[in-house]
Trainee: 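Please see the structure below; I have some questions.
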Amino acid sequence: MQRPKRPKDVSARRHDLFDAALRTFVPGRLVDLGAGHGGFSLRAARAGWNVTAIDARDERFPKDDAVTWVRQDVREADLSGYDLILCLGLWYHLTVDDQLDLLKRMSGTPVILDTHLATEQPTHDLSDPVEERGYSGRFYAEKGWWNRATASWNNTASFWPTPESFYRMLAEYGYPAVFAGTPWVTTDRTFFICTPAVANR
Ligand SMILES: C[S@@+](CC[C@H](N)C(=O)[O-])C[C@H]1O[C@@H](n2cnc3c(N)ncnc32)[C@H](O)[C@@H]1O
């Protein structure tokens with residue numbers, strides 16, 4: 001399978017997958033976790049969603065009042081009352097405990113989740129295989145996280161589960177049906193539509 005490698009292709013492919021995933025939902029209230037540059041929040045707002053964007057760093061938030069911009073650690077965010085949660089480019093900057101806690105708080109709400117995983121063809125330097133809380137994966141070292149706008153917030157090593165562990169983790173925390181966007185963005189990254197077992201509403 002031909003997969004995009006250059007950053008330009010990655011960005012275009014991410015937009016294609018995001019727009020297609022978003023179109024499968026009826027617009028309502030949406031929260032974008034780890035929104036960063038805010039580009040996906042704005043795309044959602046333009047598609048008719050009422051958008052709240054959350055990030056621990058606010059320096060890249062665009063000056064655009066189509067979105068409510070909130071500077072906050074996602075580990076402290078109240079995720080109730082939304083029709084859809086975006087978790088794009090964030091999952092692979094969290095520890096396994098934070099991933100599991102986030103899943104508990106998201107559970108019952110559909111999620112569009114874009115992440116790298118510990119596949120057989122990683123695009124980043126990762127640790128040797130590890131077992132964390134019963135899940136297989138590898139660690140990603142968050143070097144210089146404190147002065148990198150796209151990095152983790154306050155943790156030095158993030159957990160990248162294997163695809164098998166990722167799907168099991170989702171199933172065990174309320175998302176038994178997961179749809180993966182294909183072709184993948186890279187050999188270790190794509191978008192997942194995570195559908196809750198029991199909806200909040
Ligand atoms: C790789 S960027 C992703 C930006 C955008 N969502 C995207 O997909 O292109 C990761 C973002 O997550 C934010 N982030 C990382 N850990 C966070 C946390 N615990 N709470 C809030 N934001 C966090 C970073 O500040 C950064 O803006």
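These numbers come from the heavy atoms of this one structure, side chains and all, not from hydrogens, waters or symmetry mates. Residue numbers start at 1 and run along the sequence shown.
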Trainee: Decide if atom CZ of R148 counts as having more than 12 heavy atoms of other residues, nucleotides or ligands within a radius under 6.0 Å.
Mentor: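 Enclosed: over 12 neighbouring heavy atoms sit under 6.0 Å from CZ of R148.
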Trainee: Ring centres of Y175 and F192 under 6.0 Å apart?
Mentor: no
Trainee: When hydrophobic residues are tied together by side-chain contacts of less than 4.5 Å, even through go-betweens, does Y82 share a cluster with V70?
Mentor: yes
Trainee: Can you name the closest pair of heavy atoms from T95 and A157 and give their distance?
Mentor: CG2-O, 3.7 Å
Trainee: Got a donor-acceptor contact below 3.5 angstrom from the R13 side chain to the P183 backbone?
Mentor: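 Confirmed, R13 side chain pairs with P183 backbone.
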Trainee: To the nearest 0.5 Å, what is the distance between CG (D114) and CG (L86)?
Mentor: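 These two atoms lie 10.0 Å from each other.
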Trainee: Determine whether a donor-acceptor pair (N or O, by modelled atom type, separation under 3.5 Å) exists between the side chain of S107 and the backbone of Y173.
Mentor: yes
Trainee: Using 0.5 Å steps for rounding, measure from the CG atom of L90 to the CD atom of Q99.
Mentor: 9.0 Å
Trainee: Indicate the atoms forming the closest heavy-atom contact of E59 with A149, along with that distance.
Mentor: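 Looking at all heavy atoms of both residues, the closest pair is OE2-CB, 4.3 Å.
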Trainee: Looking at T109, L102, L103, which hits side-chain contact (heavy atoms from CB on, under 4.5 Å) with R105?
Mentor: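 Running side-chain contact (heavy atoms from CB on, under 4.5 Å) over T109, L102, L103 with R105 returns exactly one hit, L102.
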Trainee: Measure the shortest side-chain to side-chain distance between D32 and V67 over non-hydrogen atoms and say whether it is less than 4.5 angstrom.
Mentor: no
Trainee: Can you check whether P110 reaches T195 side chain to side chain, under 4.5 Å on heavy atoms?
Mentor: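 When only atoms from C-beta onward are counted, T195 and P110 do not touch, as no gap falls below 4.5 Å.
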Trainee: Side chains of L117 and W184: closer than 4.5 Å at any heavy-atom pair?
Mentor: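 L117 vs W184: side chains touch.
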Trainee: Within the distance-only criterion (no hydrogens, no angle test), does the side chain of S165 pair as donor or acceptor with the backbone N or O of Y135 below 3.5 angstrom?
Mentor: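 Side chain of S165 to backbone of Y135, a donor-acceptor pair under 3.5 Å: no, none is there.
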Trainee: Looking only at atom types and distance, does a side-chain atom of E132 sit under 3.5 Å from a main-chain N or O of F159, one as donor and one as acceptor?
Mentor: no
Trainee: If we ignore hydrogens and angles and just use 3.5 Å, is the side chain of R57 paired with the main-chain N or O of A151 as donor and acceptor?
Mentor: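 Side chain of R57 to backbone of A151, a donor-acceptor pair under 3.5 Å: yes, one is there.
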Trainee: Any chance you could measure I54, atom CD1, to L79, atom CG, to the nearest 0.5 Å?
Mentor: 6.5 Å
Trainee: Are W153 and W91 connected in a single hydrophobic cluster, I mean Ile/Leu/Val/Met/Phe/Trp/Tyr linked by side-chain heavy atoms less than 4.5 Å apart?
Mentor: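 In one cluster with W91: W153, no.
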Trainee: Name the atoms and distances for all side-chain donor-acceptor pairs under 3.5 Å in residues 16-30, with sequence neighbours left out.
Mentor:
| residue | atom | partner | partner atom | Å |
| --- | --- | --- | --- | --- |
| D19 | OD1 | R43 | NE | 3.0 |
| D19 | OD2 | R43 | NH2 | 2.8 |
| T24 | OG1 | A21 | O | 2.6 |
| R29 | NH1 | G81 | O | 3.3 |

Trainee: Could you check whether any side-chain N or O of T187 sits under 3.5 Å from a backbone N or O of Q121, counting only pairs where one atom can act as donor and the other as acceptor?
Mentor: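 Looks like yes, one N/O pair under 3.5 Å.
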Trainee: Answer with yes or no after comparing the ring centroid distance for F40 and H15 against a 6.0 Å cut-off, counting only values under it.
Mentor: yes
Trainee: Side-chain heavy atoms nearer than 4.5 Å, only ILVMFWY residues, links allowed to pass through others: does that put V178 and M106 together?
Mentor: yes
Trainee: Would you mind reporting whether M169 and P161 have side-chain heavy atoms less than 4.5 Å apart?
Mentor: yes
Trainee: Start with the C-alpha distance between F191 and I112, add both sets of side-chain angles, then the distance that settles side chain to side chain contact (heavy atoms under 4.5 Å, CB included), and finish with yes or no.
Mentor: CA-CA 7 Å; F191 281 60; I112 300 177; 4.0 Å; yes
Trainee: Does some side-chain heavy atom of D125 sit less than 4.5 Å from a side-chain heavy atom of K143?
Mentor: no
Trainee: Would you name the heavy atoms of P163 and T119 that are closest together and state the gap between them?
Mentor: CG-CG2, 3.9 Å
Trainee: Would the distance check show the side chain of W69 and the main-chain N or O of D55 forming a donor-acceptor pair, the cut-off being under 3.5 Å?
Mentor: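 No; judged by distance alone, with no hydrogens or angles, the pair does not exist.
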Trainee: Looking only at heavy atoms, which two atoms of A66 and D64 are closest? And how far apart?
Mentor: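 Result for this residue pair: N-OD1, 2.9 Å.
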Trainee: Identify the two heavy atoms, one from G34 and one from V74, that lie closest to each other, and give their separation to 0.1 Å.
Mentor: N-CG1, 3.9 Å
Trainee: Measure from the side-chain N and O atoms of S158 to the backbone N and O of H93, and report whether any donor-acceptor pair falls under 3.5 Å.
Mentor: yes
Trainee: Do E131 and S136 pass the side chain to side chain donor-acceptor pair (under 3.5 Å) test, and can you show the C-alpha distance, the side-chain angles, and the key distance before you say yes or no?
Mentor: CA-CA 5 Å; E131 284 287 311; S136 305; 2.5 Å; yes
Trainee: Can you name the nearest heavy-atom pair linking V111 to C87, along with the distance?
Mentor: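 Heavy atoms only, the tightest pair is CG1-CB, 4.2 Å.
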Trainee: Does V130 share a hydrophobic cluster with L126, counting links as ILVMFWY side-chain heavy atoms below 4.5 Å and allowing steps through other members?
Mentor: no
Trainee: Do Y92 and L113 land in one hydrophobic cluster if side-chain heavy atoms of ILVMFWY residues count as linked below 4.5 Å?
Mentor: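 Each belongs to a different hydrophobic cluster.
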Trainee: Is a side-chain N or O of D73 found less than 3.5 angstrom from the main chain of A56, in a donor-acceptor match?
Mentor: no
Trainee: Report the residues that fulfil ring-ring contact (aromatic ring centres under 6.0 Å, His included) with H124, sequence neighbours left out, ordered by chain and then residue number.
Mentor: H116, Y140, W160
Trainee: Should K104 and L100 count as side-chain neighbours, where that means a heavy-atom distance under 4.5 Å?
Mentor: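 Contact flag for K104/L100 side chains = no.
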